[in-house]
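Take a look at the structure set out below.
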Amino acid sequence: MALRVYNTLTGEKELFVPLVPGKVGMYVCGVTVYDYCHIGHARAGVVFDIIYRYLKYAGYDVTYVRNYTDIDDKIINRANQEGTDYRTIADRYIQAFDEDMAQLGLAKPTLEPKATDHIGGIIDIIERLIAKGHAYVSEGDVYYAVESFPDYLKLSGRNLEEMQAGARVEIGDKKRHPMDFALWKGSKPGEPWWQSPWGSGRPGWHIECAMSMEFLGKTFDIHGGGKDLVFPHHENEIAQSEGANGCQFVRYWLHNGFVNINAEKMSKSLGNFFTIREVLKKYDPETLRFFILSAHYRSPIDFSDQNLDEAQSGLERIYSCLAALDDILKGQSQTAEITVVESLSQVGQELQEKVDQFLPRFIEAMDDDFNATQALGVLFETVRATNRFLAETKEMTPISLSLIAHVRHLFVDAGGVLGLFTIVPDVWLAGIRSAKAGQIDLSPDEIERLIVERADARGAKDFKRGDEIRDLLLAKGILLLDSAQGTTWNVK
RNA sequence: GGCGCGUUAUCCAAGAGGCUAGGAGCCGGUCUGCAAAACCGUUAACGUCGGUUCGAAUCCGACACGCGCCUCCA
């Protein structure tokens, strides 16, 4: 069993072999903090979160670095719009980012450096690039000379001639070649600046990620980000780091697919985006995470209420099963002794088989380029076997209890990797119910009053009146659930 | 225009030469005053046309449609 990952650099799934056995260095491009994050950011966050979690689960000592780009044109523009300074904007959206990611249950990276805390290191790298002839100074700016780096565009598989043919690149007179990109920008009046050998200015957008080498070394294992970063951002990162250090920058490049709306990329410019905050008002964080995991991380995923609803239904199925298990295990001591020789029923043996296969199959799925979607299939098969077992087992014997306790532990293990099932099942299920109830224009008191009226009618065998009340509530989207303990309600 | 990706049943979605993926839904059943919920069972598919092969959803070619990158983007 061995982990294989799809490497954008080679276009193939490759056996994952870290530079240093047992250790993994991983860097993911964070966000430019100038606005609230949307669902696309949520996807990137969740995708690399489960990659991080799985690598740790697989026994690696992982150093995970995710940066904040806290100085950039967009931040400055926003600050100007609001009549404030860049720092206020950056700090506000760093905090918002942290809140959103915490809501989504992302594990904290090992390090979360800010670009502005590493200006000195950035200047050093630029100086090395100039010394090696990869960069040049031009009127207070510094540009990277793409023609000086023969491997330029190796990641995206393009070539400079083609790029220029369809070019929408502005020919700046400060640049020698239209594809050259800024490493350092001289500051205009009123802009934030840092002192440098080339005058006051600030780093270009691409060089900020060069600080990865400060934490992970000149060569490290995994670099991740959204597919839209392949060109030019990651291409430029390679040019910068390999140009400065003269050795391979990253061994495995991983890129996640987009979130689409009606089969089109969600983006700010199209205006078809939803912020994480908006979506979390309607769906709970694990539902959103489950939705993201319902497609392979490299494929596009279509965001819609219908798909979110389906994700919620699927997650509900698993949580319901876990709630049933907890209910049975609640009163039991952990170490029930098996005193009599017993054997499992047919369905018990089938469940036992699912349990035995669980981790091997889960690991096989995750080892295959982090195929969480397939891993979820393993969970659902186990849920069905468990439900069958619970339905057909009237009395819990020690061996049955031990089996279902084992099932419960497996879901905790898998949940730890996928970032799911972190909530007590009954609490999660109740939360879903009350969240749905928030969308109904009938108060819980009114509903309760009608339920009492119906109970009275039913007590008097007036089923006609009882059914009328049920239909009335149903028309408002409320389902009544009769059980031996009385009547409860749920939102359709 | 260049480069790349995709097309799997009603919908979402894995799979990458022979092995029941899975979920949601429909339908049938258990339960119920009748229902609902829950649970069980069941259903059906690989864009089109060719080729390779004993065997193709899977490999190759063409075509159609959709999408992405080539400007800031996760």
Side-chain angles (χ1 to χ4, degrees), chain A residues 8 11 13 28-32 34 37-48 72-74 153 156-159 161-170 179 205 224-233 255-260 263-270 273 290-291 293-296 298-302 304 306-318 320-321 323-324 347 361 365 368 371-381 383-384 386-388 390-392 458 461 463-464 466-467 470-471 473-474 478-484 487-490 492:
Chain A
T8 306
K13 274 188 204 169
V28 173
C29 294
V31 288
T32 301
Y34 74 102
C37 289
H38 58 63
I39 300 304
H41 300 109
R43 185 177 196 194
V46 168
V47 161
F48 288 101
D72 181 64
D73 290 354
K74 292 189 172 183
L153 305 179
S156 52
R158 304 156 196 263
N159 65 63
E161 290 73 38
E162 278 169 9
M163 298 287 293
Q164 283 177 84
R168 281 187 273 170
V169 185
E170 280 178 46
M179 298 296 293
W205 191 68
K227 272 196 162 90
D228 45 4
L229 296 181
V230 173
F231 182 87
H233 185 54
H255 293 98
N256 65 277
F258 301 132
V259 175
N260 291 342
E264 280 192 326
K265 181 186 174 184
M266 179 186 289
S267 72
K268 290 233 162 185
S269 47
L270 286 170
F273 65 92
F290 190 91
F291 162 72
L293 298 183
S294 72
H296 185 86
R298 282 189 282 117
S299 308
I301 189 167
D302 217 57
S304 68
Q306 189 196 326
N307 290 346
L308 267 286
D309 287 341
E310 281 192 12
Q312 190 172 72
S313 298
L315 186 57
E316 208 169 341
R317 179 174 165 81
I318 298 176
S320 297
C321 177
V347 281
R361 293 179 68 204
D368 184 15
N371 195 335
T373 312
Q374 194 168 56
L376 287 177
V378 176
L379 302 208
F380 278 113
E381 284 185 40
V383 165
R384 190 172 59 215
T386 303
N387 285 336
R388 281 180 59 169
L390 294 182
E392 298 193 27
R458 291 176 76 214
K461 300 270 185 221
F463 293 121
K464 187 163 173 284
D467 289 352
R470 188 172 65 205
D471 292 344
L473 287 169
L474 189 60
I478 291 159
L479 285 170
L480 293 185
L481 313 166
D482 293 333
S483 74
T487 301
T488 57
W489 55 276
N490 208 339
K492 196 177 173 183

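A quick note: this is a predicted structure, and the numbers were derived from the prediction, not measured.
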Any side-chain N or O of [X] under 4.0 Å from OP1/OP2 of [N]?
X	N	result
A/Lys265	B/rC69	yes
A/Arg361	B/rA21	no
A/Arg384	B/rC40	no
A/Arg317	B/rC40	yes

[X] versus [Y], closest heavy-atom pair with distance:
X	Y	answer
A/Gly40	A/Val259	CA-CG2, 3.9 Å
A/Arg298	A/Lys227	O-NZ, 2.6 Å
A/Ala365	A/Ala375	CB-N, 3.7 Å
A/Phe290	A/Ala311	CD2-O, 3.5 Å

When all nucleic acid strands are considered with a 4.0 Å heavy-atom cut-off, which category describes [X]: base, sugar-phosphate, or nothing?
X	answer
A/Leu229	sugar-phosphate
A/Arg298	nothing
A/Arg158	base
A/Asn387	sugar-phosphate
A/Glu392	nothing
A/Val259	base
A/Phe380	sugar-phosphate
A/Lys268	nothing
A/Lys461	nothing
A/Gly30	sugar-phosphate

(request) Identify all stems in which RNA chain B takes part, counting only runs of at least 3 consecutive pairs (Watson-Crick or G-U wobble, each distance under 3.5 Å), and give each as one range with another, ordered by first number. (result) B:1-7 with B:64-70, B:10-12 with B:22-24, B:27-30 with B:38-41, B:47-51 with B:59-63

(message) Can you confirm whether A/Lys13 sits close enough to A/Asp368 that some side-chain heavy atom of one is under 4.5 Å from a side-chain heavy atom of the other?
(response) yes

(request) Please tell me if the side chains of A/Gln374 and A/Arg361 come closer than 4.5 Å, counting only heavy atoms from C-beta onward. (result) no

Rounded distance (Å) that lies between atom [atom2] of [N] and atom [atom1] of [X]:
X	N	atom1	atom2	result
A/His233	B/rU71	NE2	P	16 Å
A/Phe463	B/rC34	CZ	P	9 Å
A/Asp228	B/rC70	CG	C1'	13 Å
A/Leu270	B/rC69	CG	C1'	14 Å
A/Glu161	B/rC3	CD	C1'	14 Å
A/Leu379	B/rA21	CG	P	18 Å
A/Asn159	B/rC3	CG	P	9 Å
A/Asn260	B/rG66	CG	C1'	11 Å

(message) Between B/rA74 and A/Phe258, is there a base-stacking contact, meaning the centre of the base's six-membered ring lies under 5.5 Å from the residue's ring centre while the planes stay under 30° apart?
(response) no

(message) Between A/Gly226 and A/Ala263, which residue's closest nucleotide on RNA chain B lies nearer the 5′ terminus?
(response) A/Ala263

(request) Starting from the 5' end of RNA chain B, give me the residue, A/Ala375 or A/Lys227, whose nearest nucleotide shows up first. (result) A/Ala375

(message) Between the base of B/rC34 and the side chain of A/Arg470, is one N or O donor paired with an acceptor at under 3.5 angstrom?
(response) yes

(request) Answer with yes or no whether A/Asp467 presents, from its side chain, a donor or acceptor under 3.5 Å of a partner atom in the base of B/rG33. (result) yes

Calculate, to the nearest 0.5 Å, the distance between atoms [atom1] and [atom2] belonging to [X] and [Y] respectively.
X	Y	atom1	atom2	value
A/Thr386	A/Arg388	OG1	CZ	11.0 Å
A/Glu264	A/Asp302	CD	CG	10.0 Å
A/Ser294	A/Ile301	OG	CD1	4.0 Å
A/Thr373	A/Leu293	OG1	CG	7.0 Å

(message) Generate the contact string for nucleotides 8-17 of chain B. Rules: B means base contact, S means sugar-phosphate contact only, - means no protein heavy atom under 4.0 Å.
(response) ---BSSSS--

Nearest-Å distance once atom [atom1] is located in both [N] and [M]:
N	M	atom1	answer
B/rC60	B/rA74	C1'	35 Å
B/rC27	B/rU10	P	16 Å
B/rU43	B/rC11	C1'	15 Å
B/rC59	B/rG1	C1'	30 Å
B/rG55	B/rC3	C1'	35 Å
B/rG2	B/rU8	P	27 Å
B/rA13	B/rA21	C1'	10 Å
B/rC46	B/rG17	C1'	14 Å

(request) Measure from NZ or CZ of A/Lys268 to the centre of the six-membered ring of A/Phe273 and say whether it is under 6.0 Å with the direction within 45° of the ring axis. (result) yes

(request) Could you work out which one of B/rC72, B/rA24, B/rG68 sits closest to the side chain of A/Pro232? (result) B/rC72

(request) Look only at the side chain of A/Asn256 and the backbone of A/Phe48, and say whether a donor-acceptor pair between them is shorter than 3.5 Å. (result) no

(request) List the steps and the verdict of side-chain contact (heavy atoms from CB on, under 4.5 Å) for A/Arg317 and A/Arg384. (result) CA-CA 9 Å; A/Arg317 179 174 165 81; A/Arg384 190 172 59 215; 4.0 Å; yes

